[in-house]
Amino acid sequence: MRYSALKIFTEGLTGNKGWKPVWREPEPKKEYDVIIVGGGGHGLATAYYLSNKFGVKNVAVLEKGWIGSGNVGRNTTIIRSNYMLPGNEPFYELSMKLWEGLEQDFNYNAMVSQRGILNLYHTDPQRDAYVRRGNAMLMAGADAVLLDQDQLREECPFLDFDNARFPIKGGLAQRRGGTVRHDAVAWGYARGADAKGVDIIQNCEVTGFDIENGVCRGVETSKGSIKAKKIAVCVAGSSSRVMAKAGMRLPIESHVLQAFVSEGLKPVIPGVITFGAGHFYVSQSDKGGLVFGGDIDGYNTYAQRGNLPVVEDVCEGGMAIMPMIGRARLLRSWGGIMDMSMDGSPFIDKTHIEGLHFNGGWCYGGFKATPASGYCYAHLLAKGEPHEVATEMRLDRFERGAMIDEKGVGSQPNLH
Amino acid sequence: MIINHPLLGPRDAAEFYVMGDADLINRPDPDAEGAAEAFYEYAYLRDNPAGEHRELWYHEQGDRSWLVVTRSTLTHEIMNVEMARDVALAKGRGQ
């Protein structure tokens, strides 16, 4: 069923009786060409692009809980491509271009809103660093504009420009950045994949891999054994636990990232704004709540909740740049589990086990990457070689000394 | 989280910096055969278990001691706290 304004209008006039479930609930078949483990944003995007762009038909997505129950429904919905390093920036710019055409492509309202993202700078050296980053973005085909304090005062008069400790001197803006309705991304991809015959199997936990003589031929699940020519793991947050079933140790630690939303307010924040002297980012949802977050808690955890010191730290960051939010009350806070990799960058790669593929290590930047991650993973699965913008996201890069360390802090996951 | 420091008693986790898996105490022998591979695994690969995890905590805003904290990564419950120095000495390090 194709969605359109006319469809909504006619359904409205006829009692909304014509709507159908958006995806089927099939039982697993005995065998598939490709099994995707993990029905989150990335897994569903992979299924969508495999079936819609690469012509692979016999595909299943296995999800332990319900689709979209992980980080695609727990993030702060920000999209941007303001990275710097060659191994990263072209990938995130592909993601941004896919976001821009996504709703027309999968015929679903994901509320992609290019309201812009603004990274504040507070010192002269930081300005120089942002000039360099902005130039790297422009060279990769992204957009970037450096704003001085006067321009910023016009756009965001509410910022605390004369803060004694962290005066705001200007910012690096990416106008094409913004926010997306995160759950709709999972649902839109699921609908588009299902329409091309992908079996989305929920409540189906993968309990083991069928590996013999270095070849993976299928998976053991809570719904029985399923064979497949290719198995694609895509379970960021639980990557180490799942890949341990295939005997692999990963360059990943699991950490919790907390997020927060305030009570609903009238429109006060025009786009996404980030603090340059600490870790704080904020946007305002269409319902009016301020959606914000900051650093990870810093210790290994699989619990989807954090501790109070980070709550305090995040709120201090917010107060340092926009004291007006001190009057808003916090409505909810929650946590999601991140695959923190050793260099802060992700993996989309084959493993040393034939037929077994791995996608993970997204740190706290996985949501914005969803379309490109799915596209590049589908490319790898369909063609057997990495997409041209994902050639550096390899599992063996640490062994080769080819880290993609955006922040330049070395192999310490809780510092990225 | 409250960490029961062996010398100072219960302290807020916010006073500490976390270094990660306590296996970092077991630094490979750089002169041994296959040292490059051993150091790659030491520096970059982690067990990252869901459940009991032994990890290094540094009392940055306290007495600057390193601790080995045994903690559940599922519930945040702290089961045991030792001085990292004692753990390392028991393994024959620092001789």
* Kindly check if the number of other-residue, nucleotide or ligand heavy atoms within 6.0 Å of CD (B:Glu52) is above 12? => no
* Asked: Can you tell me if CZ on A:Arg305 sees more than 12 non-hydrogen neighbours from other groups inside 6.0 Å?
  -> yes
* Look up atom CZ in B:Arg71 and atom OG1 in A:Thr301, then write down how far apart they are to the nearest 0.5 Å. => 6.0 Å
* **For B:Asp47 against A:Arg249, the heavy-atom pair lying closest together** => OD1-NE, 2.7 Å
* Asked: For A:Gln412, is it the side chain, the backbone, both or neither that has a heavy atom under 4.5 Å from a heavy atom of chain B?
  -> side chain
* Asked: If you count the non-hydrogen atoms of other residues, nucleotides and ligands that lie under 6.0 Å from CD in A:Glu354, is the total more than 12?
  -> no
* Which atoms form the tightest heavy-atom contact between B:His76 and A:Ala303, and what is the distance? -> NE2-CB, 3.7 Å
* To do: Hey, can you tell me if B:Trp57 and A:Tyr299 have their rings parallel, tilted or perpendicular (30° and 60° cut-offs)?
  => parallel
Tabulate below the donor-acceptor pairs under 3.5 Å that side-chain atoms of residues 232-244 of chain A make, not counting sequence neighbours, or state none.
| residue | atom | partner | partner atom | Å |
| --- | --- | --- | --- | --- |
| A:Ser239 | OG | A:Asp339 | OD2 | 2.5 |
| A:Ser240 | OG | B:Asn48 | ND2 | 2.7 |

* Let me know if A:Ile337 has heavy atoms under 4.5 Å from chain B in its side chain, its backbone, both or neither. => neither
* **Interchain contact, A:Ile252 with chain B, by part (heavy-atom threshold 4.5 Å)** => both
* Would you mind checking which part of A:Pro251 comes under 4.5 Å of any heavy atom in chain B, side chain (CB onward), backbone (N, CA, C, O), both or neither? => both
* Structure fact -> Note: vs chain A, highest number of non-hydrogen pairs under 4.5 angstrom among B:Asp12, B:Leu74, B:Asp21 is B:Leu74
* Against chain A, label B:Tyr40 side chain, backbone, both or neither, depending on which of its atoms sit under 4.5 Å from a heavy atom there. => side chain
* Asked: Measuring heavy-atom distances to chain B, does A:Leu308 have an atom under 4.5 Å in its side chain, in its backbone, in both, or in neither?
  -> neither
* Give a yes or no on this: more than 12 heavy atoms of other residues, nucleotides or ligands lie within 6.0 Å of atom CZ of A:Arg400. => yes
* To do: Below 4.5 Å from any heavy atom of chain B, which atoms of A:Asn300 appear? Answer side chain, backbone, both or neither.
  => both
* Approximate separation, where rounding is to 0.5 Å, of B:Glu55 CD and A:Glu253 CD -> 9.0 Å
* **Leading residue by heavy atom contact count with chain A [cutoff under 4.5 Å; candidates B:Ala36, B:Ser72, B:Pro49, B:Ala14]** => B:Pro49
* To do: Measure distances from B:Tyr17 to the heavy atoms of chain A and classify the residue's part below 4.5 Å as side chain, backbone, both or neither.
  => side chain
* Atom OH of B:Tyr44 and atom CE of A:Met403: how far apart are they, to the nearest 0.5 Å? -> 5.0 Å
